[in-house]
Structures are given as C-alpha cells and as structure tokens.
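What you see below is based on every heavy atom in this structure, not just the backbone, and it leaves out hydrogens, waters and symmetry mates.
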Amino acid sequence: MTDQPHSHEPAPSPEELRRRTEHTRDRVGQGIEALAGSADGPAAQRAAEVAAEAGDRAATAKEQTVRKAALVADQIRDTAGEAARRVKDTTPDAVLEQAAQASGLVGRVTARAGRFAAENTPEPVLDRAGQAAAVARANRTPLLAAGVVLAVFLLVRRGRK
C-alpha cells in the first residue's frame, strides 16, 4: 500500500488518515531518537574536533595577518624615507635653501598662530588638537616626506614661471 491514493482508489477514510499519521509520527520519532543517540557518539566528537580545528585556523590566520600588516607598514616607512632621501639628493642646493627658509618662516608663523589659537580656543577644542598633534608626531616621517615633496614641487613650479 502506498501513502498516496491513486485516482481510481476512493479517498482514505478518517481512520486510515489517523493510522497513516500515527505511523509517520512513529517513524519520525525513531529518526529523532537515532539522531539524539548519535549526538553523544563519534559524530559529536568529530563536530567538536572540526570546531577546534576551525578555531586554530582562525587564530593562525589572524597571526599571519598581523605579521603581514606590520611588514607592510615597515615597507611603507622605508619607502617614504627613501623617497625623501632621493628628493633631497636630486634637488639643487638653491631649492633646498629656499625650502629651508620657507620652512623656517612657516615654523615662526605657525608658532605665532598657535599661541594666538591657544589663547582664544575653548579647552575641549584644545584637547582634540592635542590628540591630533600626537597622531602627527607618531607619523612624523611620512608627513615630513610629503611636506618636502610638496615644497619642492611648489618651488620648482614657481621657478619655471
């Protein structure tokens, strides 16, 4: 007997439907019991092993990523320093002298502006500015290299006019 009525068979009676439903419940219950019994067995142990292995792989991947990020940061610092040295080595002395004078002037004007700002700026804003200055100090080499490149570019552009 099949679970599906054929077109030439009469529709199952309510009693037949109850019997089929009970039979299906029994089969599903047996399947659940079998699954529950295997949860304490080799399948559960294997699942725990797979989870532990995945955790180990994630930790290894994190360590590798941190190492690679540190390596890339070092390479960027080295490249920026090399670029600054090349710019200095290939820039004519007259341009470097003008850049040094401009840098001194900018330093003096900046100091004056800083004093003015410190005297007229609310305390919370000063705190934020201090935080920004700390970040700039921590990244001094790339910022100096960028400043030198910009100064040289502006001086060369000015000299061509």
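Between Arg86 and Glu82 a salt bridge is recorded (basic side-chain N to carboxylate O distance below 4.0 Å). By the 4.0 Å N-to-carboxylate-O rule, Arg67 lies close enough to Glu63 to be salt-bridged with it.
For the pair Leu96 and Lys88, the tightest heavy-atom approach, listed with the atom from each and the gap, is CD1-O, 3.6 Å. Across all non-hydrogen atoms, the minimal contact from Ala145 to Ala80 is CB-O, 3.8 Å.
A continuous path of ILVMFWY side-chain contacts below 4.5 Å connects Val149 to Val156, so both sit in one hydrophobic cluster.
To the nearest 0.5 Å, the span separating OG1 on Thr90 from CZ on Arg85 amounts to 13.0 Å. Leu71 CG to Gln64 CD: the interatomic distance, rounded to the nearest 0.5 Å, is 13.0 Å. For the atom pair CG (Leu155) and CD (Glu97), the distance works out to 11.5 Å, reported to the nearest 0.5 Å.
Around atom CG of Asp74, more than 12 heavy atoms belonging to other residues, nucleotides or ligands sit under 6.0 Å away.
Side chain of Thr91 to backbone of Val87: a donor-acceptor contact under 3.5 angstrom is found.
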